[in-house]
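Chain identifiers are assigned alphabetically (A, B, ...) following the order of the sequence lines, protein sequences preceding nucleic acid strands; residue numbering begins at 1 within each chain. The figures here come from the full heavy-atom set of this structure, side chains too, leaving out hydrogens, waters and symmetry mates.
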Amino acid sequence: MSATAAPLHAIVGRGPDGGWLIALCSGPARPLEVEHVSDVELAARVRAIEEDCAPRWTVRSLRGFAPRMLAEGIRVRRAHDLLLCHAILRDTIALDPPLASSERWTRLDVVAEPQPGLFDIDGGPERGDGFDEVLAQWQAQIAVLDRARDGRLTLLCAAESAGALIAEEMTAAGLPWSVDVHEGILREQLGPRPQGIGRPRLMAQLAARIGELLDDTTLNPDSPPRLLRALHRAGVFVESTSKWQLSEIDHPVVEPLLEYKRLARLFTANGWTWLDEWVRDGRFRPVYVTGGVVTGRWASSGGGALQIPRQLRRAVRADPGWTLVSADVAQLEPRVLAAMAQDHAMADAARGRDLYEGVVRSGAVGSREEAKYAVLGAMYGATSGESGRLVPRLRTVFPRAMGLVDAAARTGEQGGVVSTLLGRGSPRPGDDWRLVQSQAGNPDAGSAAEARARGSARERGRFTRNFVVQGTAAEWALLWLAEIRHRLMALPTASAPAVASGPVFASRAHLAFFLHDEVIVHAPSEQADAVADALRGAAAAATQRLFPGFAIDVPLDLHVSEDAGEGA
DNA sequence: ACTAAGTGCGCG
DNA sequence: AAAGCGCGCACTTAGT
């Protein structure tokens, strides 16, 4: 490698409509060499430099840069996304002062991008940054990271950027999706595809039956107010038409109504229209919005990628000669809580596959069901009901873990900010929140104002309580993803037939889906075992990275099969 | 005719 | 209108 000899390199390329696309190759401090290249030359230069020294490519947004490189068949190994890292470093409380906030480096909250392949979002090249501005922001971020006492924020920025790279790669590769299987499910559940407007046959039949049972043949079950009135007329006194309320009522209309709701959901959210719009060439290509949730979780835009109903997972099918390796973490969040709080008792309970059984063994509660309610209630801030009743029992058995979430809740209630393990900060309370709190402090404030203030304080406490756990779990997941990518890149290319996953992934095992604590890898069949090892090894590595020196089990449920259906 | 808010349900 | 967190999307209704 000639990396040490090469100067710090900046490539400045013209975007399609005259803006700038800038990539800085960072590395050890070296003289800066700026190279202007035309749009046509850009890909070739990136490829050459990547092969030469695998730098950490620094760009305004990987959402602009990565898809373009992938389309050219180029895959960069490391990157730094200035928009995403600006958001982290601006809001962190691990640094005083944090990075200066700048409008110019704040992601515009973006509209869904209907046509994958365009990259004019998030102020990509078209936003018109000057090179000096990008360089200055990069230097500001590097300076802030150098000042940090430990490497946590640096790790977080690297993981966040790796995540952004992976998100673009997964969109490019797509999730292999069988239109035939999907249509089979639709036909079986709903009947044939309706021509033009109108309900599918089985939905229409149910709607008619509901109308008869409620004595209103013009009733539209899709209208909650009318449905509620019709239910009341028929003597069904529910307060809303939600399914959890209906399911507690004993009346002949309940069954067809719940069935109607189930089918309506399938039809409107994942019916034929969804297939037409989102599945092309046997691939579902959702757009992931990395850093889209304040906790650091990903959001998605379009296609409801994060809400694929489990009943449709059967439509996820490997291509011939390929297989799907899926893995998810059992009870990630409480495991992360135990480790970040250094709670050895809870880590003991977490030993093995089922944390809830471990909680029972600890003696805190009597049954697995109770353990589940108690643990979820602890992380979400339950105060009443079954869950709220059980939470206090955990305080005596797991004082450190409970102390951590309780402290986070108190901070939030008082208007403070909390932080994940790697240093992502929670948002400050909004003006309206503070107004409500200060109004309650006025001498002439009524009891209603005080109740409102208490309510919103507790609400915020539940948010910050959950933030530290959800956010740190998201960090574990990012580290896992990055490590998976790294290990998959080390596998040889396949002898299996090439698949329709774009130039980079046609012959390589690749991440195809990610959802908070689970991944799906599309891999040549002969590499199934190697991929499974990679997923397990990556999980162990992520755990070591995030919780060095602390023993915590993070077991995976792993499946290898041709489809990603339940229990496959 | 168009938009914003409310409702309900899917996912973790 | 879940108790108890975080999301996205489709549909209806109320408001302009």
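Classification of the A:Trp177-A:His182 ring pair by plane angle, with boundaries at 30° and 60°, yields tilted.
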*Heavy atoms under 4.0 Å is the rule here; annotate nucleotides 5-12 of chain B 5' to 3' with B where the base is hit, S where only the sugar-phosphate is, and - elsewhere.*
--SBBBSB

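Within the nucleic acid shown, A:Gly381 comes within 4.0 Å of sugar-phosphate atoms alone, with no base atom in reach, counting heavy atoms only. The residue A:Phe267 sits apart from the nucleic acid: no heavy atom pair falls under 4.0 Å. A:Gly292 comes within 4.0 angstrom of no nucleic acid atom, judged by non-hydrogen atoms across all strands. At the heavy-atom level, A:Asn220 lies under 4.0 Å from the strands shown only through sugar-phosphate atoms.
Annotation: of the two residues near DNA chain C, A:Pro225 and A:Phe463, the 5′-most nearest-nucleotide partner is A:Phe463.
Residues passing the side-chain contact (heavy atoms from CB on, under 4.5 Å) test with A:Ala230 are A:Leu214, A:Leu219, A:Arg233, sequence neighbours excluded. For A:Ala382, the side-chain contact (heavy atoms from CB on, under 4.5 Å) criterion is met by A:Ser387, not counting sequence neighbours. In this structure A:Trp476 satisfies the side-chain hydrogen bond (donor to acceptor under 3.5 Å, both in side chains) test together with A:Thr543, sequence neighbours excluded. Every residue was checked against the side-chain hydrogen bond (donor to acceptor under 3.5 Å, both in side chains) condition with A:Ser362, not counting sequence neighbours, and none meets it. Every side-chain hydrogen bond (donor to acceptor under 3.5 Å, both in side chains) that A:Thr218 has, sequence neighbours left out, goes to A:Asp216. Residues that satisfy the side-chain hydrogen bond (donor to acceptor under 3.5 Å, both in side chains) test with A:Arg229, not counting sequence neighbours, are absent from this structure.
Proximity of residues 401-434 of chain A to DNA chain C (heavy atom under 4.0 angstrom from any strand atom) is not detected for any residue. For the contact set between residues 179-202 of chain A and DNA chain C, defined by any heavy atom under 4.0 Å, there are no members.
Two end axes, each from the C1' atoms of five base pairs, can be drawn for the helix from B:dA1-C:dT16 to B:dG12-C:dC5; they diverge by 10°, to 10 degrees.
Nearest nucleotide to the A:Arg226 side chain, out of C:dA1, C:dT13, C:dG4: C:dT13.
Separating the CZ atom of A:Phe514 from the C1' atom of C:dC7 is a distance of 13 Å, rounded to the nearest angstrom. In this entry the distance linking CG of A:Leu390 with C1' of C:dG4 reads 13 Å, nearest Å. Nucleotide C:dA3 holds its C1' atom 14 Å from the CD atom of A:Glu239, rounded to whole Å. With rounding to whole Å, A:Leu332 atom CG is found 18 Å from C:dG6 atom P. Put simply, CZ on A:Arg462 is 8 Å from P on C:dA3, counting in whole angstrom units. Between A:Glu248 atom CD and C:dA2 atom C1' the separation is 10 Å, expressed in whole Å.
Side-chain nitrogen and oxygen atoms of A:Thr268 include none within less than 4.0 Å of the OP1 or OP2 phosphate oxygen of C:dC9. Dashed line: the shortest gap from a side-chain N or O of A:Ser223 to OP1 or OP2 of C:dC11 is not under 4.0 Å.
With a 6.0 Å radius and a threshold of 12 heavy atoms from other residues, nucleotides or ligands, A:Arg368 has its CZ atom above the threshold. Within 6.0 Å of atom CZ in A:Arg209, 12 or fewer heavy atoms from other residues, nucleotides or ligands are found, so the atom counts as exposed in its surroundings.
No close placement of the A:Trp278 and A:Trp272 rings is indicated, their centers lying 6.0 Å or farther apart. Aromatic rings from A:Phe267 and A:Trp274 are positioned such that their centres are separated by 6.0 Å or more.
The list of salt bridge (Lys or Arg N to Asp or Glu O under 4.0 Å) pairs with a residue in residues 406-427 of chain A, not counting sequence neighbours, reads A:Glu160-A:Arg424, A:Arg395-A:Asp406, A:Asp406-A:Arg465. Applying the side chain to side chain donor-acceptor pair (under 3.5 Å) rule to pairs touching residues 452-464 of chain A yields A:Gln437-A:Ser456, sequence neighbours excluded.
C:dA1 and B:dG6 are spaced 13 Å apart, taking the C1' atom of each and rounding to whole Å. Spacing between B:dT3 and C:dG4 at atom P, rounded to whole Å, works out to 37 Å.
Closest approach of A:Thr171 to A:Val287, counting heavy atoms only: OG1-CA, 4.1 Å. In terms of heavy-atom proximity, A:Ala164 sits nearest to A:Asp81 at CB-OD2, 4.2 Å.
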